[in-house]
Amino acid sequence: MNLPRIAVLTGAGVSAGSGVPTFREAAVGLWSQYDPQKLATPEAFQSDPKLVWEFYDWRRQIMVDCQPNHAHDVLAAMDATLPEFTLVTQNIDGLHPLAGSKRTLFLHGDIWTIRCTRCHYRQQNRQVPLQPLPPLCPECASLLRPDVVWFGESLDWTILSAAGEAFAQADIALVIGTSAVVYPAAQLPLYTRKHGGRLYEFNTERTPLSDMATATFLGPSEDTLPNWWQDFRQEQGL
Ligand code: BJW
Ligand code: ZN
C-alpha cells in the first residue's frame with residue numbers, strides 16, 4: 001500500500017488541552033508584567049539570569065504534571081502506523097515523547113535539559129522547584145541555562161535541515177497549534193506547498209498560514225485532529 005508521506009509541525013497550542021499555557025499566554029498572574037518574547041532572549045538572561053530562570057522554573061512547575069492529550073496520542077499513532085512520517089515540534093514541554101512519538105525533531109530544545117553556558121556539561125533535570133536559582137555548573141561553576149533556543153539564537157543546523165527535507169518531500173503537511181509567526185519554523189510548511197503537497201492547519205484561530213492552507217480546521221486540536229485521523233484512516237483503508 002502506498003501511503004502518503006506526512007510531515008507535521010506542532011506549536012504550543014497542541015499542548016493547551018493538557019494545561020500547558022501557550023507561549024504567548026505564558027506570562028499570566030505574577031508574570032503578567034513581563035513580555036515572554038523579551039524574557040526568551042540571551043540578552044535577558046545575560047542581564048538578569050535569576051529572573052529568566054524564575055520564569056522557566058515557574059513554567060516547569062506547571063508542566064511537570066501535565067499529561068499528553070488526544071492530539072499528542074494521535075500523532076504517536078501516526079508515527080507507529082505510517083512508514084514515512086516526521087514530527088517537527090517547536091515545543092519544549094516533552095509531551096510528544098511522553099505520548100510515545102519516536103520520529104521527532106525538536107526545533108527549540110527541551111525545558112527538561114539544562115546545560116552549562118561555558119563548558120560541555122549537560123544534564124536531564126525534572127526537579128521542581130529548581131534550587132538554587134540560578135543553578136551553577138558542578139564542573140566549572142559557570143551559569144547553567146535551560147537547553148532551549150531563544151530569539152536571536154541559531155537553531156541546530158542538522159535538525160533544521162532534516163525538518164526542511166521532511167516538509168519538502170511530504171505529500172501532506174499538518175500544522176497544529178502554532179501562531180506561525182516565529183521563523184524559521186513558520187516557513188517549513190511552505191516547502192510542502194511549493195512541491196505540490198497539501199497543507200492542513202489545526203488551530204483555534206486563523207494564522208498567517210491559513211491563506212496558503214488547503215483547509216483550516218478551526219477548533220481545539222485535541223478534538224479536530226482525532227476526527228481528521230479517523231477520516232484519513234477510512235480513506236486509506238487503514
Ligand atoms: C490552539 C489551541 C488548541 C491554542 N488547539 N490550537 C525571518 C523573518 C522575521 C524574523 C526572523 C526571521 N528569521 C529569524 C527571525 C528572528 C526570530 C523570529 O522569528 N522572530 C519573529 C517573532 C518575528 N527567530 C529567531 O530568532 C530564531 N533564530 C534564528 O532564526 O536564528 C538565525 C537568526 C537570528 C537573528 C536574526 C535572523 C536570523 C530562533 C527562534 C527561537 C524561538 N524560541 C521560542 C522560545 C523557546 C523556549 C520557551 O518556550 O521559552 O520558541 S519563542 C516561542 O515561539 C517558542 C515557541 O516554540 C515559538 C512558537 O510559538 P508557538 O508554538 O506558535 O506558540 P504561540 O503561543 O505563539 O501560539 C499558540 C497557537 O496555538 C495560537 O495560534 C493559538 O491560536 C493556538 N491554540 N489553543 C489548537 N487547543
Ligand atoms: Zn560548566
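Each ligand, and each atom within it, is numbered from 1 in the order the structure gives. Everything numeric in this text was worked out from a predicted model, so none of it was measured. These numbers come from the heavy atoms of this one structure, side chains and all, not from hydrogens, waters or symmetry mates.
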Protein residue, atom and distance nearest to [atom], heavy-atom basis:
atom: atom 51 (O) of ligand 1; answer: His108 ND1, 3.1 Å
atom: atom 30 (O) of ligand 1; answer: Pro184 CD, 3.6 Å
atom: atom 46 (C) of ligand 1; answer: Val149 O, 3.5 Å
atom: atom 19 (O) of ligand 1; answer: Tyr183 N, 2.7 Å
atom: atom 62 (O) of ligand 1; answer: Ala12 N, 2.8 Å
atom: atom 31 (O) of ligand 1; answer: Glu153 O, 3.1 Å
atom: atom 20 (N) of ligand 1; answer: Phe151 CE2, 3.9 Å

Report yes or no: do [X] and [Y] form a side-chain donor-acceptor pair below 3.5 Å?
X: Glu205; Y: Asn203; answer: no
X: Tyr191; Y: Arg193; answer: no
X: Asp79; Y: Ser101; answer: no
X: Thr10; Y: His96; answer: yes

Report yes if the side chains of [X] and [Y] come closer than 4.5 Å at any heavy-atom pair, otherwise no.
X: Phe202; Y: Thr216; value: no
X: Val74; Y: Phe232; value: no
X: Phe167; Y: Val8; value: no
X: Phe106; Y: Pro97; value: yes
X: Leu133; Y: Glu54; value: yes

Geometric N/O contact [X] with ligand 1, under 3.5 angstrom:
X: Gln90; answer: yes
X: Gln37; answer: no
X: Gly152; answer: yes
X: Arg59; answer: yes
X: Ala180; answer: no
X: Phe23; answer: yes
X: Val182; answer: no

Pairwise distance [atom1]([X]) to [atom2]([Y]) - rounded to 0.5 angstrom:
X: Cys140; Y: His120; atom1: SG; atom2: NE2; value: 10.5 Å
X: His72; Y: Leu95; atom1: NE2; atom2: CG; value: 4.5 Å
X: Gln67; Y: Asp73; atom1: CD; atom2: CG; value: 10.0 Å
X: Met63; Y: Arg60; atom1: CE; atom2: CZ; value: 9.5 Å
X: Phe55; Y: Phe45; atom1: CZ; atom2: CZ; value: 14.0 Å
X: Leu130; Y: Gln61; atom1: CG; atom2: CD; value: 9.5 Å

Tested for side chain to side chain contact (heavy atoms under 4.5 Å, CB included) against His108, the lone hit among Asn91, Thr89, Val148, Val182 is Val182
Next on the checklist: Can a donor-acceptor pair be found, under 3.5 Å and without considering hydrogens, that links the side chain of Asp147 to the backbone of Arg115?
Outcome noted: no
Main-chain N/O of Ala180 paired with Thr178 side-chain donor or acceptor, under 3.5 Å: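 Between the backbone of Ala180 and the side chain of Thr178 there is a qualifying donor-acceptor contact (under 3.5 Å).
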Please confirm whether [X] approaches ligand 1 to less than 4.0 Å, judged on its heavy atoms.
X: Gln187; result: no
X: Tyr56; result: yes
X: Glu25; result: no

Heavy-atom protein neighbour under 4.0 angstrom from [atom]:
atom: atom 33 (C) of ligand 1; answer: no
atom: atom 37 (C) of ligand 1; answer: no
atom: atom 16 (C) of ligand 1; answer: no
atom: atom 76 (C) of ligand 1; answer: yes
atom: atom 10 (C) of ligand 1; answer: no

Quick look: Ser179 vs ligand 1, heavy-atom contacts under 4.0 Å, and the answer is both
For ligand 1, which atoms have a heavy atom of [X] less than 4.0 angstrom away?
X: Leu155; result: 27 (C), 28 (N), 39 (C)
X: Glu205; result: 75 (O)
X: Ala16; result: 78 (N), 80 (N)
X: Ser154; result: 31 (O)
X: Pro220; result: 3 (C), 5 (N), 80 (N)
X: Ser221; result: 3 (C), 5 (N), 79 (C)

Any idea which of [options] brings a heavy atom closest to [atom]?
atom: atom 2 (C) of ligand 1; options: Gly219, Gly13, Ala26, Gly11; result: Gly13
atom: atom 23 (C) of ligand 1; options: Val181, Ile176, Thr10, Thr207; result: Val181
atom: atom 72 (C) of ligand 1; options: Thr22, Asn203, Ile92; result: Asn203
atom: atom 69 (C) of ligand 1; options: Gly177, Ser18, Ala40, Gly109; result: Gly177

- Message: Can you tell whether the side chains of Arg5 and Glu165 come within less than 4.0 Å, N to carboxylate O?
- Response: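 Looking at Arg5 and Glu165, the cut-off is not met.
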message = Whether Arg59 and Asp93 form a salt bridge (side-chain N of Lys/Arg under 4.0 Å from carboxylate O of Asp/Glu) is what I want to check.
response = no
**Report entry** Verdict with supporting geometry, Asp171 and Arg198, salt bridge (Lys or Arg N to Asp or Glu O under 4.0 Å)
**Finding:** CA-CA 6 Å; Asp171 302 303; Arg198 285 174 280 161; over 6 Å; no
**OP:** Spell out, yes or no, whether Leu218 and Val181 are grouped together once hydrophobic residues are joined by side-chain heavy atoms under 4.5 Å, including indirect joins.
**Re:**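 In one cluster with Leu218: Val181, no.
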Next item on the list: Would you list the protein N, O or S atoms within less than 2.8 Å of the Zn ion (ligand 2), leaving out water?
Entry: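 Listed by chain and number, the atoms are Cys116 SG, Cys119 SG, Cys137 SG, Cys140 SG.
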